[in-house]
Amino acid sequence: MWATPDQVVRIAEQAGVLGGPIARLLVITAAWTGCRWGELANLHRDNVDLRRGLLVIDPLVGALHESGSMRWLGPPKTRASARTITLPPFLVALLREHLARHQYEFVFTTPSGTWLWRSTFLRRVFRPAVDGSDASGTKAGCAAVRPGLTFHGLRHSHKTWLIAGGAPEIAQARRLGHHLDNRVIETYSHVAPEVEQRLLDDLERRWHTAAPPPPTPSPSVVDSRWVAPVVPLFATVGSPAGRAGEQREHRAGAGPGLG
């Protein structure tokens, strides 16, 4: 199952209401890069090159793994998953704005700077944002957008957009971290700069077509510098284990419940 850019933006907006700005940006980044959950949950700010518009998935500690009450840094799913992903300009701007006010080493964290629990994020933020409040049994007031869509479905959505935009198979594979069995294609595995640019232009266009214009605040709101409080609903337990030198298993406190 996949979603259109318009549906992803609506899901992201509802996720932002439920989990704060980081939840919103996480959904957008997943859909416009095709990254897996673990690749983004473990994304270190050192692996985001905003000057060149690149996101790097490290071959040794490129994913956050989760099992029960345990989380640890490790390699991504496959060897091909270690890759460098080019970012469309709008996403560079969103990430730059986020990192300018984000004091922690990992890009997508809880408000206290710890890793996100996948199970808690899905239950409290993603599922209500996708399925709506009634279907998810919450009182968040969210409308159903694309019932049944999974977080991994954002990755499928990205691939669908690449196909629709005419991206060559090798460009899709390199971006998503897939291995191609075709030896001829693998031999000529480079992606020409003009092909990469067309791919980014298409992703940029899809964003601007789907994204609503930013709201214009009233003078009274601007003058009083009032900002509505956002109460993130995902877990705040656990503690990042650090960078590559700390790949050991990391026991995250009380597990995926709220601390």
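- P59 is linked by a side-chain contact (heavy atoms from CB on, under 4.5 Å) to A82, counting only residues two or more places apart in sequence or in another chain.
- In this structure, H102 contributes its side chain and F106 its backbone to a donor-acceptor pair below 3.5 Å.
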Query raised in the report: Would L149 and H156 count as a side chain to side chain contact (heavy atoms under 4.5 Å, CB included) if you check the C-alpha gap in whole Å, the side-chain angles of each, and the deciding distance to 0.1 Å?
Result: CA-CA 10 Å; L149 181 75; H156 294 318; over 6 Å; no

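- Taken to the nearest 0.5 Å, the CZ atom of F90 stands 10.5 Å off from the CG atom of L200.
- The two residues P128 and C142 come nearest to each other via the heavy atoms O-CB, 3.4 Å.
- Here the CG atom belonging to L64 is positioned 6.5 Å from the CZ atom belonging to R71, to the nearest 0.5 angstrom.
- Scanning both residues, L154 and A30, for their nearest heavy atoms gives CD1-CB, 3.8 Å.
- Partners of D49 according to the salt bridge (Lys or Arg N to Asp or Glu O under 4.0 Å) rule, which considers only residues two or more places apart in sequence or in another chain, are R52.
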Report task. Run the numbers on W115 and F108 for side chain to side chain contact (heavy atoms under 4.5 Å, CB included), then give the verdict. Result -> CA-CA 7 Å; W115 288 325; F108 301 106; over 6 Å; no

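- Hydrophobic clustering of Ile, Leu, Val, Met, Phe, Trp and Tyr side chains at less than 4.5 Å, counting indirect connections, unites V145 with W2.
- For D201, the side-chain hydrogen bond (donor to acceptor under 3.5 Å, both in side chains) partners at least two apart in sequence or on another chain are Q197.
- Considering only heavy atoms from C-beta on, L25 comes within 4.5 Å of L91 through its side chain.
- Between A63 and P76 the shortest heavy-atom distance is CB-CA, 3.8 Å.
- Atom CD in E169 sits 10.5 Å away from atom CZ in R174 (nearest 0.5 Å).
- Side-chain contact between W207 and L94 is present, with heavy atoms from C-beta onward closer than 4.5 Å.
- A heavy-atom distance below 4.5 Å is found between the side chains of W161 and P5.
- Identified under the side chain to side chain donor-acceptor pair (under 3.5 Å) test for residues 16-36, with sequence neighbours left out: E13-R24, R36-E39, R36-S81.
- The heavy-atom pair separating T78 from G177 by the smallest distance is OG1-O, 3.7 Å.
- Annotation: side-chain hydrogen bond (donor to acceptor under 3.5 Å, both in side chains) contacts of H158 (sequence neighbours excluded): R175.
- Residue L99 holds its CG atom at 13.5 Å from OH of Y104, rounded to the nearest 0.5 Å.
- Taken together through direct or relayed side-chain contacts under 4.5 Å among Ile, Leu, Val, Met, Phe, Trp and Tyr, V27 and L122 form part of one hydrophobic cluster.
- Note that CZ of R96 is 10.5 Å distant from CZ of R51, once rounded to the nearest 0.5 Å.
- Put simply, the side chain of S157 never gets that close to the backbone of A31: no donor and acceptor are under 3.5 Å apart.
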**Report entry** side chain to side chain contact (heavy atoms under 4.5 Å, CB included) assessment of C35 paired with I85
**Finding:** CA-CA 9 Å; C35 286; I85 302 169; 3.4 Å; yes

Query - Test side chain to side chain contact (heavy atoms under 4.5 Å, CB included) applied to F126 and L26, step by step - result: CA-CA 10 Å; F126 192 74; L26 176 59; over 6 Å; no

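- Contact of the T110 side chain with the L116 side chain is registered, since non-hydrogen atoms from C-beta on lie closer than 4.5 Å.
- A173 meets the side-chain contact (heavy atoms from CB on, under 4.5 Å) test with H178, L180; sequence neighbours excluded.
- Partners of R198 under the side-chain hydrogen bond (donor to acceptor under 3.5 Å, both in side chains) rule, at least two apart in sequence or in another chain, do not exist in this structure.
- With hydrogens and angles ignored, the 3.5 Å screen pairs no side-chain donor or acceptor of E66 with any backbone N or O of W117.
- Shown here are the side-chain contact (heavy atoms from CB on, under 4.5 Å) partners of D6, two or more places apart in sequence or in another chain: T4, R10, A210.
- For R205, the salt bridge (Lys or Arg N to Asp or Glu O under 4.0 Å) partners at least two apart in sequence or on another chain are D202.
- Among the candidates N47, L55, I57, L54, the single residue satisfying the side-chain contact (heavy atoms from CB on, under 4.5 Å) test with T84 is L54.
- Across all their heavy atoms, V195 and A171 have their closest contact at CG1-CB, 4.4 Å.
- Aromatic rings from H65 and W72 are positioned such that their centres are separated by under 6.0 Å.
- To the nearest 0.5 Å, the span separating CD1 on I28 from CD1 on I11 amounts to 11.0 Å.
- Contact between G148 and V130 at its shortest, heavy atoms only, is N-CG1, 4.3 Å.
- Remark: R155 pairs with no residue by the salt bridge (Lys or Arg N to Asp or Glu O under 4.0 Å) rule, at least two apart or across chains.
- Scanning for side-chain hydrogen bond (donor to acceptor under 3.5 Å, both in side chains) contacts around H208 gives E204, with sequence neighbours left out.
- For I163, the side-chain contact (heavy atoms from CB on, under 4.5 Å) partners two or more places apart in sequence, or in a different chain, are K159, Q172.
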